[in-house]
Amino acid sequence: MHVVRDLKKIQDIGFASRLDRKKLALVPTMGFFHQGHLSLMRWAKENADRVVVSVFVNPAQFGPGEDLDQYPRDHERDMELAKSLGIDYFFMPEADDLYPQGFDSWVELPGFSKKLCGISRPIHFKGVTTIVCKLLNLTMPHTAVFGLKDRQQFLIIQKMVNDLNMPVIIEGRPTIREHDGLAMSSRNAYLNPAQRESAPIIYNGLLMIRHEVLSGRTNCRQLEDQLKNYYLENITGSDIDYVSIVNSANLESSSRAGHGDFMAVSVRLGRARLIDNIDLYQAMEDCAE
Ligand code: PAF
């Protein structure tokens, strides 16, 4: 595995793959790998000739007072894990190279970015779309792979790529869960034992709502209230950021749950802000590890 820090060098690698007609997949990450990241890398290995994994804790997607400084990091372990999966290039750029003095070009999708997580994190998605656009320009991949736990992020990136005619396929992969249903996330490391014990209730609630929908109860406001109450009653010390049924085509709130709708939630448990989502009609895609 080659460790690359230099922007020009990674761009040469991307360019060479295009010239050689080799399929290159990019797995963009912020590091501190868990099984969710590894599943994206495995998929990339199986579906491309060459794989670049990028590790960059992007300061532009953290707002003031958020967890940029505390965000868990373990580059040595990440490198070992990526190497064990046969990743070809481990790209670790420096913040000063990506955002040099005078950097002033941003990619923003104001419609999609102001909903759900964007309500409490107003600059977050502008930072995400800008860095993802830069990583796509730097690596020129045929495919870029993202986890569907961050469903809003996935839909925003897919829209950016369509709107800007970017020559890349955006692949979304199912959420990987702990044995008790908690969606894997680097931020789970912030949970204390009591919080960790109650965190699976987030997913149990989503399953409950899907069961309601499949049983014919489709009034979205009532379903959202039911889930909020379930969390308030069952997760001590939780603070609900949002509970929302939206359509995957436009992230607009639905009034009656229908095909294409998913339920998205964000719940703060101590220092951790945990997000999760579930398709309300589709067959179960999520798998437990
Ligand atoms: O999902 C993440 O880890 C990040 O938002 C991403 C896509 C790597 C951009 O920094």
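Remember, it's 1-based here, ligands and their atoms both numbered in the order they're listed. Since the structure is predicted, the reported quantities are computational estimates derived from the model, not experimental observations.
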Option with minimal heavy-atom separation from atom 9 (C) of ligand 1, where the choices are Q61, Q153, H124: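 Nearest option to atom 9 (C) of ligand 1, by heavy atoms: Q61.
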Derivation and outcome, side chain to side chain contact (heavy atoms under 4.5 Å, CB included), residues K115 and E252: CA-CA 8 Å; K115 299 175 195 290; E252 295 290 343; 3.4 Å; yes
Which segment of I157 sits under 4.0 Å of ligand 1 when only heavy atoms are counted: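 No part of I157 is near ligand 1 at this cut-off.
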Candidate list D276, D279, D261, test salt bridge (Lys or Arg N to Asp or Glu O under 4.0 Å), partner R151, passing option: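 Considering D276, D279, D261, a salt bridge (Lys or Arg N to Asp or Glu O under 4.0 Å) with R151 is found only for D279.
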With D67, the salt bridge (Lys or Arg N to Asp or Glu O under 4.0 Å) member among R73, R268, R271, R187: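 Of the listed options, the one satisfying the test is R187.
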Per-atom contacts, ligand 1 versus T29 - under 4.0 Å to a heavy atom: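 Taking each heavy atom of T29 in turn, ligand 1 has 8 (C) under 4.0 Å.
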Which of the ligand 1 atoms, numbered from 1, are nearer than 4.0 Å to a heavy atom of I131: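 Matching atoms, with element in brackets: 9 (C), 10 (O).
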Residue, atom name and distance, where the atom is the protein heavy atom closest to atom 3 (O) of ligand 1: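 Checked against all protein heavy atoms, atom 3 (O) of ligand 1 sits closest to M30 CG, 3.6 Å.
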K83 to F90 six-membered ring, cation-pi geometry met (6.0 Å, 45°):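 So K83 doesn't make the cation-pi contact.
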K159 to F154, cation-pi by 6.0 Å centre distance and 45° axis angle: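 The answer is no; the distance or angle limit is not met.
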